[in-house]
> 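One structure follows; several queries about it will come next.
As the structure is a computational prediction, the values presented were derived from the model and not from experiment. If you read the sequence from its start, that first residue is 1, and numbering goes on from there.
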Amino acid sequence: MKALLFTFCLLTSFQFLFAQPANNNVFVITIDGTRWKEVFGGADSVLLSDATFVQDTTLLKLQYWHPDQQERRRRLMPFFWSVIVEKGQLMGNRQYNNKVNVANLYKISYPGYSEIFTGSADKVFIPNLKVNNRRTNILQYLNDQPAFRGKIAAFCSWRVFPFILNEKHSSLVINAGYKSMPDNDPLSRLIDSVQASIFDQSNTRHDLLTFESTKNYMKQHHPRVLYMGLGETDNFAHDGDYDTYLQKIHQADAMIAELWYLVQTDPLYKNNTTFIITTDHGRGRKTTNWTSHGFWVGGSGETWMALLGSGIEPLGELKNEQKVYQKQVAPTIAALLGGQFKANHRVADPIKLKLYEKQNDIMEVVITAPQH
């Protein structure tokens, strides 16, 4: 009888954890394999001038080079360094010893995304292959809560995401790679026809298709938690195409800007949505190894994070000494939604964020979670 009572209490505590969620939505966006050096410093002067990595160095310098670092990074990522720096927070500029780190040992994509969404750095190595994740992720967990059921969706360029997010054992909407759209509306059919016409369907779908798919689903279904995973940056970096790598970072910034504009002009999302933007891993710091990342490549564990939206105090570029890990993203998502992420493994604590809660007065709230 005691065992039955304990089980009943445990189940009801899970149900009521999100029974009255905070009035908030969370969008998570990742830009695969993007270095903190470009985010905070703009185009690398050495790589920008190297014909090994850039086809037209003169033209690319006209686009992205400026001797002033602040102007240089604004040219590469204008939304980050106009809107987010004014209205949000940017973490990870290691020039100020402000660090965002990967906690997993391997510093490649599957372990990185698993860490982001499970809130844990798995010690078991899973290569970048179609292997079902054994750990519970925050999207799966939220979708199992009555308040969020059917209101979680993920649109990703990399076709391995259904395995990272364990689509087989959940009812999540996951559209990854060149998978058909979940709806049958005219725009979804058009996106499907464009995808079908692409002859060379690699492991990573064109980010523009992922973006259009994300927007279309958002407008139709208004999910409360939405993930958009962009992937072309990492592909072109591995190929040694620094020019296209920069173009894809610039394109990602523009996509995020458009998504933010859509959110702020939609009554169901306006002033009620938080963006978390980050990457799955860093990459080599040097000219000789910037194309690579992994356990053996210095700089691979160095990442960054941007926060914007509902409740986020507009602190801009953080210049205080601190260390944040990407495994803290999942519990932070739960905390922003007014709950706590419970899983079949140890979960990190949320990031300690100073938030504004607008009621009669402005009150400073620090999100924390009990130690496990």
> For D243, give me all partners under salt bridge (Lys or Arg N to Asp or Glu O under 4.0 Å), at least two apart in sequence or on another chain.
none
> Is N166 reaching over with its side chain to a backbone N or O of S170, donor-acceptor style, under 3.5 angstrom?
no
> Does one hydrophobic cluster hold both M77 and L48, with members joined at side-chain heavy-atom distances below 4.5 Å?
yes
> Taking atom CZ of F125 as the centre, does the number of heavy atoms from other residues, nucleotides or ligands within less than 6.0 Å exceed 12?
yes
> Could you pull out all residues at least two apart from N344 that satisfy side chain to side chain donor-acceptor pair (under 3.5 Å)?
T136
> Are any side-chain N or O atoms of R74 and backbone N or O atoms of S82, one a donor and one an acceptor, separated by less than 3.5 Å?
no
> Does any N or O in the side chain of D280 come within less than 3.5 Å of the main-chain N or O of G33, such that one atom is a donor and the other an acceptor?
yes
> For a quick check under 3.5 Å, do D122 and H345 share a side-chain donor-acceptor pair by atom type?
no
> Determine whether the side chains of N143 and Q140 contain a donor N or O and an acceptor N or O closer than 3.5 Å.
no
> Do the side chain of D207 and the main chain of E232 share a donor and acceptor less than 3.5 angstrom apart?
yes
> Whether the Q63 and Q247 side chains hold a donor-acceptor pair (N or O, under 3.5 Å, no angle test) is what I'd like checked.
yes
> Using a 3.5 Å distance criterion without hydrogens, assess whether the side chain of T303 forms a donor-acceptor pair with backbone atoms of V100.
yes
> Have S114 and R135 got a donor and an acceptor in their side chains that come within less than 3.5 Å?
no
> Run the salt bridge (charged side-chain N to carboxylate O under 4.0 Å, His left out) check on E258 and K215 step by step: do they pass?
CA-CA 9 Å; E258 185 176 344; K215 283 196 306 177; 2.7 Å; yes
> Under 3.5 Å, is there a donor-acceptor pair linking the side chains of N216 and D185?
yes
> Counting only N and O atoms by type, is there a donor-acceptor contact under 3.5 Å from the side chain of T34 to the main-chain atoms of I31?
yes
> Would S109 and N128 count as having a side-chain donor-acceptor pair, cut-off 3.5 Å?
no
> Shared ILVMFWY cluster between L337 and I351, side chains joined below 4.5 angstrom?
yes
> For the ring pair H250 and Y64, is the centre-to-centre distance below 6.0 Å?
yes
> Take atom CD in Q55; do more than 12 heavy atoms of anything else shown fall under 6.0 Å from it?
no
> Below 30° counts as parallel, above 60° as perpendicular, anything between as tilted: where do the rings of W36 and F40 land?
tilted
> Under the 6.0 Å and 45° cation-pi test, does K327 pair with Y325?
yes
> Going by atom types only, do T210 and R205 share a side-chain donor-acceptor pair under 3.5 Å?
yes
> For N101 and E302, which I'm curious about, is there any donor-acceptor pair between the side chains at under 3.5 Å?
no
> Aromatic ring centroids of W290 and Y245 under 6.0 Å?
yes
> Taking the ring centre of each residue, are Y227 and F161 less than 6.0 Å apart?
yes
> Go through the structure and list residues passing side chain to side chain donor-acceptor pair (under 3.5 Å) with D266, not counting sequence neighbours.
H222
> Taking the basic N atoms (NZ, or NE/NH1/NH2) and the acidic carboxylate oxygens, is any pair closer than 4.0 Å for R73 and E38?
no
> Can you check whether F27 and F275 have ring centres sitting under 6.0 Å from each other?
yes
> Taking atom types as modelled, find out whether T233 and D32 have a side-chain donor-acceptor pair closer than 3.5 angstrom.
no
> Is a side-chain N or O of Q69 found less than 3.5 angstrom from the main chain of G42, in a donor-acceptor match?
no
> Identify whether I174 and I126 are in the same connected component of the hydrophobic contact network (ILVMFWY, side-chain heavy atoms under 4.5 Å).
yes
> So, H238 versus N235: side-chain donor-acceptor pair below 3.5 Å or not?
no
> Is the backbone N or O of T291 less than 3.5 Å from a side-chain atom of R283, with the two atoms forming a donor-acceptor pair by type?
yes
